[in-house]
2 protein chains.
Amino acid sequence: MDDRKLKILEAIIDEYIQTGEPVGSRNISKKLDLKLSPATIRNEMADLEEMGYLEQPHTSAGRVPSDRGYRLYVDTMLSPREVDDRESLAAMTEILESRIDELSYMLQRATRLLSQITGYPIVATAQTDDDREVIKNVQLFPVEVEKVMVVVTTEAGSIHNRIILVPEDATVEEIGVIAKVLSSKLHGLEISSIDVALANTLSKHDGIRTDILLPVLQGIVESRRRNEEHRTYTDGAKNVLEYPEFSDSARAKEIIGMLEEKGFIRDVVTHMEDGEGDDLYVSIGSENRDEKMQDCSIVAGTYDVDSTHRVLIGVIGPKRMDYARVVSVLRDMKSVMNRKGLKGLNPGKQGLTEGDRE
Amino acid sequence: MDDRKLKILEAIIDEYIQTGEPVGSRNISKKLDLKLSPATIRNEMADLEEMGYLEQPHTSAGRVPSDRGYRLYVDTMLSPREVDDRESLAAMTEILESRIDELSYMLQRATRLLSQITGYPIVATAQTDDDREVIKNVQLFPVEVEKVMVVVTTEAGSIHNRIILVPEDATVEEIGVIAKVLSSKLHGLEISSIDVALANTLSKHDGIRTDILLPVLQGIVESRRRNEEHRTYTDGAKNVLEYPEFSDSARAKEIIGMLEEKGFIRDVVTHMEDGEGDDLYVSIGSENRDEKMQDCSIVAGTYDVDSTHRVLIGVIGPKRMDYARVVSVLRDMKSVMNRKGLKGLNPGKQGLTEGDRE
DNA sequence: GATTAGCACTCGACTCGATTGAGTGCTAAC
DNA sequence: GTTAGCACTCAATCGAGTCGAGTGCTAATC
């Protein structure tokens with residue numbers, strides 16, 4: 001694999017990314033400054049095809065990069081273009097300053113911005129580190145008659161809250177007793193370990209009203225579930241229709257369906273966790289596990305919003321997506337985040353203990 | 001406009017809704033049990049066209065309903081089919097039992113279910129009655145070092161909450177003082193009336209730390225804004241691609257873009273508020289204000305989740321959408337809601353006053 | 001030995017005319 | 001008022017023909 005072949009391959013991929021049409025030898029011969037005739041290029045192209053970096057849609061058409069070709073391109077030839085769009089940098093900065101408990105809001109705005117500047121659909125999700133979903137403390141705040149706000153703080157630093165309904169005659173004192181018991185008994189437990197058996201044990205304590213305890217426990221469990229499920233956002237689905245590779249409406253429908261399901265992001269997440277911790281993850285065509293994504297590529301990055309919150313943002317596009325630009329935008333985002341995002345955010349210190357707030 | 005014409009018009013619309021192809025006289029002559037020859041039908045069709053209920057895509061094609069035709073159909077000929085799908089009724093029931101503070105979660109699940117059973121894209125939003133966004137009380141709960149949960153209860157009965165960051169050295173007492181002052185001073189004010197001037201006035205009170213007060217006030221304002229913006233959900237965008245009228249990918253892109261923008265739902269909302277309070281709202285083609293929606297119809301209904309929360313759910317489809325089925329599904333939803341939805345929900349009584357929770 | 005010019009060949013895309021057939025409107029008969 | 005009959009319209013479909021971008025191979029050239 002000599003240098004010239006690499007140059008030719010790169011030129012072909014660049015061209016194909018731009019036009020979406022199979023590229024021929026004449027075209028490359030002219031574009032490339034090596035003074036080579038189309039015939040020579042053809043020979044090289046035939047070699048590249050044999051090596052598996054190119055494919056031919058049909059005999060008399062030009063060449064198209066194979067997944068392997070893209071992979072080589074992404075791994076070795078990517079020189080991220082500078083994104084000099086000051087406006088989008090400013091927008092990014094502003095978004096990232098959205099504060100921590102508005103993580104979901106921040107994600108929503110970030111997906112929109114990214115889909116606008118890249119022209120691809122975006123998926124973003126907050127990564128929950130299940131192992132660390134250990135209860136640090138549980139607080140109950142009566143808000144109105146019948147309504148109590150349950151606030152669960154986890155060791156990982158996230159705060160789930162939910163309003164629950166308790167019997168009308170529940171007194172502030174009764175609720176206080178339950179709060180005390182829960183804070184001491186649930187501390188250190190995983191949320192997932194809350195079950196009927198635990199409820200039974202707890203209800204044996206003095207002065208605990210089961211008809212208040214049960215909705216509280218249910219509220220704790222649901223606060224987390226709700227949190228997880230709300231935390232995936234997509235935007236720019238319409239961009240799918242921009243690309244001729246998805247002009248077949250059945251294909252487009254599949255992709256848009258995937259975006260709406262949001263399930264496939266899990267795949268990416270696990271992939272990334274397995275990965276070598278590189279800053280960006282790229283999955284090309286057949287590298288995607290999901291069969292429906294065989295014609296797509298995903299470029300994803302993780303972002304540490306603060307020491308306990310990590311966000312994953314993925315760009316979905318056709319295999320011939322503009323990797324250079326996408327990678328550069330995602331990197332920019334990261335750099336903005338490092339300069340700005342951490343400012344003023346809580347680095348996750350130990351909080352008050354149960355008694356402190358009285 | 002005699003009875004026979006109506007029968008013929010109905011048959012034509014039914015047929016067109018089913019097939020999406022212009023319908024001819026022969027077809028109707030056979031389908032209709034009136035013993036009429038195609039020629040007679042043709043005469044009637046010509047009349048109906050003259051009256052504006054039908055259109056002809058081109059001279060030698062069959063007839064297609066005009067917007068006016070659909071309107072007549074919807075207003076006078078709709079006999080909602082029974083939806084005998086027990087499973088979806090059960091699913092609806094379960095969804096509607098999602099409790100009140102999970103309104104957004106409930107909406108999300110409802111949109112998904114509806115898009116699945118109707119096969120159309122769905123938009124759902126919670127209607128905020130801006131005039132009633134009057135503060136009933138404000139509560140502050142210290143959750144951790146630097147983090148305080150602000151809970152705003154409005155006269156309308158909704159509860160907004162948000163976590164804010166305060167200076168590290170803020171004490172529970174200092175926060176308590178601010179809570180007391182805010183509760184008495186903000187009571188009865190609209191959230192939108194909070195501004196710099198008000199902040200200045202408030203900060204003159206004894207013992208108020210401005211560096212705590214400001215983030216709290218900002219939190220109150222933002223808690224509401226965030227609430228509003230989060231409260232529109234869409235699902236089933238992929239269904240747009242199901243219908244040949246949107247096979248032109250530019251059209252499809254516009255519609256999907258509209259769904260993602262979510263802005264247009266406001267139009268529907270205002271329309272519905274102007275309306276005669278009928279239970280369902282139908283807007284057909286050119287009746288839609290938005291130019292991009294000229295090829296669509298919207299069927300929407302409002303649902304009172306409880307005495308203070310109203311939800312709007314809209315079905316977007318091509319003009320030849322299956323009105324009978326959609327109307328019937330939305331009505332079913334309403335009836336499920338009346339039987340089940342209100343069970344156990346708080347009818348919005350007066351809550352505790354500020355002092356009660358200490 | 002690498003490069004290139006030349007040439008025959010391939011095959012999708014496009015054009016264009018002919019054909020088809022569903023459907024109409026009109027007229028005259030029932 | 002209804003219907004049979006007929007001429008007419010026009011989108012859709014089909015197939016033959018053409019075009020042209022692009023290839024692979026061979027032989028000549030550097």
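For the numbers below, each heavy atom of this structure counts, side chains included, while hydrogens, waters and symmetry mates do not. Proteins get letters first, then strands, A, B, ... in listed order; numbering begins at 1 in each.
Mapped onto DNA chain D by nearest heavy atom, L36(B) and V23(A) fall at different nucleotides, with L36(B) at the one closer to the 5' end.
Taking atom CD of Q56(A) as the reference point, atom P of dA21(D) lies 17 Å away to the nearest angstrom. Atom CG of L48(B) and atom C1' of dT24(C) are 15 Å apart (whole Å). Protein atom CZ of R42(A) is 16 Å distant from nucleotide atom P of dC9(C), rounded to whole Å. The nearest whole Å value for the distance from the CD1 atom in I28(B) to the P atom in dA22(C) is 16 Å. Between I41(A) atom CD1 and dG24(D) atom C1' the separation is 16 Å, expressed in whole Å. Residue N43(A) contributes atom CG, which lies 16 Å from atom P of dG1(C) at whole-angstrom precision.
The existence of a salt bridge linking E15(B) and K31(B) is confirmed by a sub-4.0 Å separation between a basic side-chain nitrogen and an acidic carboxylate oxygen.
Residue S37(B) places at least one side-chain N or O under 4.0 Å from the OP1 or OP2 atom of dT3(D). Considering only side-chain N and O atoms, R4(B) lies under 4.0 angstrom from the phosphate OP1 or OP2 of dT2(D).
If you check the side chains of S297(A) and Y323(A), you find a donor sitting under 3.5 Å from an acceptor. A side-chain donor-acceptor contact under 3.5 Å links D67(B) and S286(B).
Between R320(A) and V64(A) the shortest side-chain heavy-atom distance does not fall below 4.5 Å.
Scanning residues 57-67 of chain B for heavy-atom distances under 4.0 Å to DNA chain C yields T59(B), S60(B), A61(B), G62(B), R63(B).
Relative to the ring axis of Y53(A), R68(A) places its NZ or CZ within 45° and under 6.0 Å from the centre.
Counting only heavy atoms from C-beta on, M45(B) has its side chain closest to dT24(C) among dT3(D), dT4(C), dT24(C). Closest to the side chain of A39(A), out of dA5(C), dT3(D), dC26(C), is dA5(C).
With a 6.0 Å radius and a threshold of 12 heavy atoms from other residues, nucleotides or ligands, K7(B) has its NZ atom at or below the threshold.
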